[in-house]
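Accompanying notes for the structure given below.
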Number of protein chains: 2
Amino acid sequence: MASAEGLHAARSRGRNTRQLVHEVLRSRIVGLELEPGSAVSENDLAAELGVSRTPVRESLILLADEGLVDIYPQMGTFVSRIRERDVASAQFIREALECAALREAVGKAGARDVAELRVLLTAQEEADRQADMEGFFQLDEEFHARLMAVSGHASAWPVVSQAKAQLDRARRLSLPMTQQMSLLIGQHREVVDLLEAGDLDRADEALRSHLRLVFSDVEKIRSKHPELFSDEDAPLRPRRDSPRRTAARGDR
Amino acid sequence: MASAEGLHAARSRGRNTRQLVHEVLRSRIVGLELEPGSAVSENDLAAELGVSRTPVRESLILLADEGLVDIYPQMGTFVSRIRERDVASAQFIREALECAALREAVGKAGARDVAELRVLLTAQEEADRQADMEGFFQLDEEFHARLMAVSGHASAWPVVSQAKAQLDRARRLSLPMTQQMSLLIGQHREVVDLLEAGDLDRADEALRSHLRLVFSDVEKIRSKHPELFSDEDAPLRPRRDSPRRTAARGDR
DNA sequence: GCTGACGTACTTGTATGGTAGCCGACCGAC
DNA sequence: GTCGGTCGGCTACCATACAAGTACGTCAGC
């Protein structure tokens, strides 16, 4: 997945190196491939990805803006630990925007919109049957994005997506309980049903409780994996214990 | 304001060059000192500000992420024209977040919160009397930020602020009608009154209509200054007519 | 006069060099 | 044993050099 070589292969397709590096790193962080608290050095990443430090550095700056990494000048850059405050903020933003969009979507939604959403629901059930967690995550993202698009506010999705990233890092750990998947899908279906029926208030409520469930998951995770979270106000101890990088030298 | 020399002077105070350049450019763009459509060359800015291309470039990347500039590789970077779509999106985001926060603030607001808000209202009236538009803008920003803070969601303000930037560029041109200022202040006061009274629905409605008024202003501006707006879908003509930069050479 | 090819001057993208500053281990003094 | 200074190695920051590509003025050909 997104190895060093694959990066250059896709490079010709419009996007430049910075954007590719940004996507790779973002995906690794949100997918927990890079754990909260771990160091991400410009030099190491540049060497691993086979590019210079410049695009890596520019990507890290963007990721810092998104709150996914913390840059400590002259000390290092670290994947940000999950902060209570950021998670709560992300939840608030997501809930406000998605619910506001849904309220506008009710009444606007055509038969085609509903049909497209139902296609995604079916695909989600298939992913559930196959226990394809990664696939479900993508379909979930697409579902929520599409839901916002119905209201005509697709352009606000990136903001939601950014907030969502903070939540998803933690969720990644919780979803293994496969029972959750069918529950979430059921909630998705309920939202679509109520949207189709034009029941504004109940649709809003259904989506809101769906999002809250996701949020409460994060809290559960916290007790299980406290090392991924930041104990607030004690961030000035990034720890540079980075073990010597043994491999990754012969390539290129 | 914010000349090249001032930049280095403030540099010692914690923030690095990139952040300073970012603030300067953002302020110039939102303040319309740099007009939509005008070219912002990495080289020119670096020379003018007395720094190298690197921090300038990194700032521009951040500004592009905020939608304030458009980067066309190998062609140039231009202050983005105001796009119908972006303005609508910004309005949606702002309205959803600010109103959601206000709804949560009702009931939470203590006497002290209300008092602090009222202090800002008084200051706004003073700015109105003195026809101090710039001061009013800052106080307006502070009022809305404080209002969100009451709900405990101050950390979501940057998102609102980013959306607001898109709207403010246009508003900058409209506010000269000083009659508007007292109208806006009156609406601010109404929101605070209803917040204090604990009337959730009417407070929400008051804030919403206030924000909508601001939004409608933008539409008025469009007819007056069409050159600042993008006629959608015709963006691939940035025009490089950048007139020779005559001044700004002897300093440093 | 008009059209089309070409060259120059500009742009951003990427790579690399040098600097200031922080951490942590080592080592000597007490 | 404990404390304090020093030094090596690492970091991100900034500056600079080079590369790839576009626009636009110029000029030759018609």
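In what follows, chains are A, B, ... by sequence order, proteins preceding strands, each numbered from 1. All values reported here derive from a predicted model rather than from experimental measurement.
- Residues from residues 54-67 of chain B lying near DNA chain C, meaning a heavy-atom separation below 4.0 Å, are B/R57 in numerical order.
- Scanning for side chain to side chain donor-acceptor pair (under 3.5 Å) contacts around B/S41 gives an empty result, with sequence neighbours left out.
- Donor-acceptor pairing under 3.5 Å, judged by distance alone, is present between the side chain of B/Q74 and the base of C/dT12.
- Distance, B/N16 CG to C/dC22 P: 13 Å, rounded to whole Å.
- Distance CE (A/M75) to P (C/dG21): 14 Å, rounded to an integer number of Å.
- Distance B/R15 CZ to D/dC13 P: 15 Å, rounded to the nearest Å.
- Per the geometry, OH belonging to A/Y72 stands 13 Å off P belonging to D/dC13, to the nearest Å.
- Under the salt bridge (charged side-chain N to carboxylate O under 4.0 Å, His left out) criterion, B/E141 pairs with B/K164, sequence neighbours left out.
- D/dC14 atom P lies 14 Å from atom NE2 of B/H22, rounded to whole Å.
- Not counting sequence neighbours, the partners of A/E42 by the side chain to side chain contact (heavy atoms under 4.5 Å, CB included) test are A/R53, A/R57, A/L60.
- Residue A/R53 is classed as a base contact, given a heavy-atom separation below 4.0 Å to a base.
- For the OP1/OP2 pair of C/dT12 and a distance below 4.0 Å, the side-chain nitrogens and oxygens of B/T77 include at least one atom meeting the criterion.
- Atoms CG (B/L45) and C1' (C/dC10) sit 15 Å apart, rounded to a whole Å.
- The nearest whole Å value for the distance from the CG atom in B/L49 to the P atom in D/dC14 is 13 Å.
- Under 4.0 Å is where a charged nitrogen must lie from a carboxylate oxygen, and between A/R169 and A/D86 no such pair does.
- For A/S52, no side-chain nitrogen or oxygen approaches OP1 or OP2 of C/dT14 to under 4.0 Å.
- Atom CG of A/D44 and atom C1' of D/dG9 are 13 Å apart (whole Å).
- Contact annotation: B/N43 reaches the phosphate of C/dT11 (side-chain N/O to OP1 or OP2, under 4.0 Å).
- A salt bridge links A/E134 with A/R172: at least one charged nitrogen is closer than 4.0 Å to a carboxylate oxygen.
- Residues passing the salt bridge (charged side-chain N to carboxylate O under 4.0 Å, His left out) test with B/E66 are B/R26, sequence neighbours excluded.
- The side chain to side chain contact (heavy atoms under 4.5 Å, CB included) check on A/E116 picks up A/R112, A/R146, with sequence neighbours excluded.
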